[in-house]
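As the structure is a computational prediction, the values presented were derived from the model and not from experiment.
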Amino acid sequence: VSVSYAYNRKVDFRRYRSFAMALPNKPVSTTSPDFDPFVLQRLRQLTYQALKSRGLVPADVTRADLVVNVLAAEDTRTEVYTYSNPRYFG
């Protein structure tokens, strides 16, 4: 699992007290092969809980200090490792 995030390192986030989720109840497309709707919903829930555990208070999007968006994509990779042992030939 790879996680990435973007934020302005010059900003002191300790001064923020409230947050809102950008798309809290937006239905997740089930036709896109790029992500699983259940995983994305779970990531939204975990993000919400993590912000609350750090002392931020949920607020309406028009009044929140921070607006948080959660995006996800699934990527399948196949890795092949070859092995050769010269003692066993045949």
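- Residues Val11 and Val67 are members of separate hydrophobic clusters, defined by side-chain heavy-atom contacts under 4.5 angstrom among Ile, Leu, Val, Met, Phe, Trp and Tyr.
- Atom-to-atom distance recorded for Phe19:CZ and Thr47:OG1 is 9.5 Å, nearest 0.5 angstrom.
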### Message
Is there a side chain to side chain contact (heavy atoms under 4.5 Å, CB included) between Lys52 and Tyr48? Walk through the geometry before answering.
### Response
CA-CA 6 Å; Lys52 281 185 64 174; Tyr48 183 92; 3.3 Å; yes
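- Here the closest non-hydrogen pair linking Asp65 and Arg17 is OD2-N, 2.8 Å.
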Please set out all donor-acceptor pairs under 3.5 angstrom arising from side-chain atoms of residues 53-61, sequence neighbours excluded.
residue	atom	partner	partner atom	Å
Ser53	OG	Ala50	O	2.8
Arg54	NH1	Ala50	O	3.3
Asp60	OD2	Thr62	N	3.0
Asp60	OD2	Thr62	OG1	2.4

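- Apart from Leu46 itself, the hydrophobic cluster it occupies contains nothing, where clustering links Ile, Leu, Val, Met, Phe, Trp and Tyr at side-chain heavy-atom distances under 4.5 Å.
- For Asp12, the side-chain contact (heavy atoms from CB on, under 4.5 Å) partners are Arg14, not counting sequence neighbours.
- The shortest heavy-atom contact between Gln49 and Arg42 is NE2-NH1, 4.4 Å.
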